[in-house]
Amino acid sequence: MIDLSEFGRKYPYKTELHAHTKPVSSCSHISAEELVGIYSGYGCHSVVITNHLHGKRWAEGDPFARAEEYLEDYRVAKEAGKKSGLNVLLGVEIRFTAENINDYLIYGVSEEDIPRFIGYLDGDIERFYKECKTEKNLILQAHPFRDKMMPPKLDCIDGIETFNLHPSHNSRVGYAARYAAENRLFVSGGTDFHEEPHKAMCLARTAERLTDSFDVARILKSRDYFLDISGNYIFVSQE
């Protein structure tokens, strides 16, 4: 029997990379404060709030006012996290109206990026990647093999969310893992958390505590982490 305990000791920090809160993500059943309580109670060190950014709700009106509304859950969770010792980090799950129903996860973002991102909602991933890709961020297609989703051109993404473990969707993680390997893409994994029973189904384990969104992008690029699926470990290829 292989003893994996040493990996747990060397990579003790647990981070949820994909979580949604209400009311910003209307599909979520969990408030910002509830999310913090759930994940801090589970022993996690960080959680990335990747609320949905798509549709008329966010695209219409003043982008700075919409950005303030979008960031409200994140800010509430961040303040609550300070009290419980949980680092709450900012991510985005974005969708564009000029293409299909593909979703994209962005790590390595700041609050100041949100108004700008809103200006791209009526476009597509090609334009967004060309104009918003930086050395410090990471743009991944979320759950790319769900029904009606299509892989975009490979020069428009950095990688894919290979292990999306939302229990109510078929994300076809086997296909995603093979596609990532064949195309040498960066990979991520997450719970795609929307309600309490989903909690912490897929966590990233790291040797360092992640303190902001840019740490997330950097660690995923380094591939110096592994995924913890309820105590079962998935190691990311270094090739």
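Values in this document were obtained by computation on a predicted structure and should not be read as measured data.
- For the pair T15/C44, no side-chain contact is recorded, criterion being any heavy-atom separation below 4.5 Å from C-beta on.
- A distance-only check finds a donor-acceptor pair linking the side chain of D73 to the backbone of V24 [under 3.5 Å].
- A donor-acceptor pair under 3.5 Å is absent between the side-chain atoms of H169 and the main chain of P167, judged by distance alone.
- Using a distance-only test at 3.5 Å, with no hydrogens or angles considered, a donor-acceptor pair links the side chain of K133 to the main chain of N137.
- Within a 6.0 Å radius of OH in Y233, other residues, nucleotides and ligands contribute more than 12 heavy atoms.
- Between K221 and D158 there is no salt bridge, since no side-chain nitrogen of the basic residue lies less than 4.0 Å from a carboxylate oxygen of the acidic one.
- Here the closest heavy-atom approach between residue D215 and residue T211 is recorded as OD2-OG1, 2.7 Å.
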Please walk me through it: do H143 and S171 pass side chain to side chain donor-acceptor pair (under 3.5 Å)? CA-CA 6 Å; H143 39 69; S171 297; 5.7 Å; no
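- Put simply, Y13 and V36 are part of two different groups of oily side chains (I, L, V, M, F, W, Y) that touch within less than 4.5 Å, one to the next.
- In terms of the salt bridge (charged side-chain N to carboxylate O under 4.0 Å, His left out) criterion, K22 has no residue partners (sequence neighbours excluded).
- At a threshold of 4.0 Å, the pair E196-K199 counts as salt-bridged, since one of the basic side-chain nitrogens sits closer than that to a carboxylate oxygen.
- Remark: the backbone N or O of L210 is paired with a side-chain donor or acceptor of N87 at under 3.5 angstrom.
- Of all the heavy atoms in E161 and P144, the pair that sits closest is O-CD, 3.6 Å.
- Residue R146 is tested with N164, N170, I101, D103 for a side chain to side chain contact (heavy atoms under 4.5 Å, CB included); the sole match is N164.
- For the 3.5 Å distance criterion, the side chains of D224 and Y11 qualify, holding a donor opposite an acceptor.
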Identify all side-chain donor-acceptor contacts of residues 106-114 below 3.5 Å with residues at least two apart in sequence or on another chain.
| unit_1 | atom_1 | unit_2 | atom_2 | d |
| --- | --- | --- | --- | --- |
| Y107 | OH | L17 | O | 2.7 |
| S110 | OG | E112 | N | 3.4 |
| S110 | OG | E112 | OE1 | 3.2 |
| S110 | OG | D113 | OD2 | 3.3 |
| E111 | OE1 | R75 | NE | 3.0 |
| E111 | OE1 | R75 | NH2 | 2.5 |
| D113 | OD2 | S110 | N | 2.8 |

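- A distance-only check finds a donor-acceptor pair linking the side chain of N232 to the backbone of I229 [under 3.5 Å].
- Judged by distance alone, the side chains of E16 and T191 do bring a donor and an acceptor atom under 3.5 Å apart.
- Between C27 and H52 there is a side-chain heavy-atom pair separated by less than 4.5 Å.
- How far CZ of F226 is from CZ of R205: 4.5 Å, rounded to the nearest 0.5 Å.
- In terms of modelled atom types and a separation under 3.5 Å, the side chain of S28 and the main chain of H20 share a donor-acceptor contact.
- Ion pair R172/D147 flagged as a salt bridge, since at least one NZ, NE, NH1 or NH2 atom sits closer than 4.0 Å to an Asp/Glu carboxylate oxygen.
- Distance alone, capped at 3.5 Å, is enough to place a donor-acceptor pair between the Q141 side chain and the M150 backbone.
- For the residue pair N102/Y104, the side-chain donor-acceptor check at 3.5 Å is satisfied.
- Not one N or O on the side chain of E131 forms a donor-acceptor pair closer than 3.5 Å with the backbone of F128.
- Between the side chain of T50 and the backbone N or O of A19, at least one donor-acceptor pair lies under 3.5 Å.
- For the pair F193/I30, a side-chain contact is recorded, criterion being any heavy-atom separation below 4.5 Å from C-beta on.
- When each of L105, N51, I49 is paired with E93, the side chain to side chain contact (heavy atoms under 4.5 Å, CB included) condition holds for L105 and for no other.
- With salt bridges taken as basic N to acidic carboxylate O contacts below 4.0 Å, none links R218 and E135.
- You'll find the side chain of L165 stays beyond 4.5 Å of the side chain of D192, heavy atoms only.
- For K148, there are no salt bridge (charged side-chain N to carboxylate O under 4.0 Å, His left out) partners two or more places apart in sequence or in a different chain.
- Not less than 6.0 angstrom separates the ring centroid of H194 from the ring centroid of H29.
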